[in-house]
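Down below is the structure, laid out as structure tokens.
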Amino acid sequence: MNGTSFDGLTVVTVLYRSAGMLAETLPTWVRSAGDLPVRFVFADNWPADGCADVVAAQLPADRYAYLPDDGNPGFAAGCNRAVETVGTSHVLLLNPDVWLPDDALARLCAAAAELPDTPLAVGLAMHGGEYVGIDLNPVSLFIDRPATVDRAPLGPSGGAAVFPTALYRRFGGFCEHLFAWGEDADLAFRLYAAGLRTRGLDLVLPHAGGHSVDGDDRLQGFRAFLLARNRLLVAARTFTWPLLLVAVPVLALAHVALAARRVRQGLLRPFLRGVGRGLVEGPGARRRWTGRRFGFGSLLGYLTARRA
């Protein structure tokens, strides 16, 4: 480890059609921040939405940075460009549809100060359950990890994650080509393969879940496309060859089962396009990551580990 010490936390939030949601959640963030050494950076991928006014009404100008980009480069790119501006030792990646209890940021700062070199997975309450970080799954490859699972998370979920800033940058942050789904799992596999373990926190935040795609059929199709494509790209990028050769047949069978679900949802066409693009882009995606990869040793260690 590099001996990181805690000197403050920056909340990094990527916005997309988020003005209404942020108007509800941001006041809870401001109350939770209080006088703590906490700053904010907002990467706005839909600046016409009016989020700039929502932020300006809640925070003094010297406590935040606002980074608009009407080209919508995606969640991963938004996180990366925001983290590049950060001057604190730690970042909290936080979705705009998450509410913070008054003591949440104090607890996160204390946890980061106690474990300054360690990524931290923060719990989210959504879809009727509680989840902390990312877990493996034989069908979908990666899923939100239920809080009851008796092992530490594979890595933090991008919806609520604390990273040492230098560590995030050293691993290149999120893979921007993944755009909006699976980038946190991709980073989790890479961190785990390099021997870096994530600590789950006993803190669960209320999360609306998916506000940016609600009510838009075009975005639901794009989401189905990305989930299918990115699942294959994450495996291609982060698995060793022996594990990848075993995983490919399993993923092929899983995609047959998932295709049946997409038929019922009316999303088969974008799903199949995603599968095709994943197969075509897999070799190039693999070449873009040259660090250590997740193999059978990592898999066995993860499945047999227990929570600290």
Other residues, nucleotides and ligands only: do more than 12 of their heavy atoms fall within 6.0 Å of CH2 on W99?
yes

Do P47 and D44 touch side chain to side chain, with heavy atoms closer than 4.5 Å?
yes

Hphob cluster co-occupancy, L67 + L26, side-chain heavy atoms under 4.5 angstrom
no

Please report the shortest heavy-atom distance between C51 and L15, naming the atom on each side.
CB-CD1, 3.6 Å

When you compare the side chains of D186 and T238, does any donor N or O come within less than 3.5 Å of an acceptor on the partner?
no

For F271 together with H255, are the ring centres under 6.0 Å from each other?
yes

Spacing of R223 atom CZ and Q220 atom CD [to the nearest 0.5 Å]
6.5 Å

Is it true that a side-chain atom of W29 and a backbone atom of V11 form a donor plus acceptor pair closer than 3.5 Å?
no

Counting N and O atoms only, with roles assigned by atom type, does the side chain of R273 sit under 3.5 Å from a partner on the main chain of F225, one being a donor and the other an acceptor?
no

Tell me whether the NZ or CZ atom of R190 lies within the 45° cone about the ring axis of F171 and under 6.0 Å from its centre.
no

I'd like to check L191 versus L167 (side-chain heavy atoms, cut-off strictly below 4.5 Å). Are they in contact?
yes

Thinking salt bridges, do R31 and D102 make one under a 4.0 Å N-O criterion?
yes

Determine whether the aromatic ring centres of residues F294 and Y302 are separated by less than 6.0 angstrom.
no

Side-chain contact, heavy-atom cut-off 4.5 Å: L303 with L299?
yes

Within this structure, what is the CG-OG1 distance for the pair L100 and T28, rounded to the nearest 0.5 Å?
4.5 Å

Treating S157 as the side-chain partner and G133 as the backbone partner, does any N or O pair qualify as donor plus acceptor under 3.5 Å?
no

Here the pair of heavy atoms bringing V132 nearest to G123 is CG2-CA, 3.7 Å

Checking side-chain polar atoms at under 3.5 Å, does Q265 have a donor or acceptor matched by the opposite partner on R262?
yes

Surrounding CZ of R63 (heavy atoms of other residues, nucleotides or ligands, distance under 6.0 Å), is the total greater than 12?
yes

Can you see whether T88 engages T10 through a side-chain donor-acceptor pair at a distance of less than 3.5 angstrom?
yes

Can you see which heavy atom on N230 is nearest to which on L178, and at what distance?
ND2-O, 2.7 Å

Judged by atom type as modelled, is there a donor-acceptor pair below 3.5 Å linking the side chain of S140 to the main-chain atoms of N137?
no

Minimal heavy-atom distance between P138 and A254, with the atoms involved, is O-CB, 4.5 Å

Looking at R292 and G195, would you say the former's side chain and the latter's main chain have a donor-acceptor pair under 3.5 Å?
no

Following the transitive rule for hydrophobic clusters with a side-chain heavy-atom cut-off under 4.5 Å over Ile, Leu, Val, Met, Phe, Trp and Tyr, establish whether L253 and L258 coincide in one cluster.
no

Got a donor-acceptor contact below 3.5 angstrom from the T198 side chain to the L120 backbone?
no

Any donor-acceptor N or O pair under 3.5 Å, side chains H177, E281:
yes

Heavy atoms only: give me the nearest V162-A112 pair and the separation to one decimal.
CG1-CB, 4.4 Å

T4 versus H90: any side-chain heavy-atom pair under 4.5 Å?
yes

When you measure from the side chain of R170 to the backbone of T165, do you find a donor-acceptor pair of N or O atoms at a distance under 3.5 Å?
no

Less than 4.5 Å apart, any side-chain heavy atom of N80 and any of Y168?
yes

N/O donor-acceptor pair under 3.5 Å between T304 side chain and L300 backbone
yes

Which heavy atom in L233 sits nearest to a heavy atom in A285, and how many Å separate them?
CD2-CB, 4.0 Å

Minimum side-chain heavy-atom gap F75-N95 below 4.5 Å:
yes

So, taking the atom named CH2 in W46 and the one named CG in D70, what distance separates them when rounded to the nearest 0.5 Å?
9.5 Å

Is there side-chain contact between F189 and R293, with heavy atoms separated by less than 4.5 Å?
no

Geometric cation-pi criterion, R286 with W241: 6.0 Å, 45°:
yes

Do L245 and F239 come close enough that some side-chain heavy atom pair is under 4.5 Å?
no

Judged by atom type as modelled, is there a donor-acceptor pair below 3.5 Å linking the side chain of R39 to the main-chain atoms of G8?
no

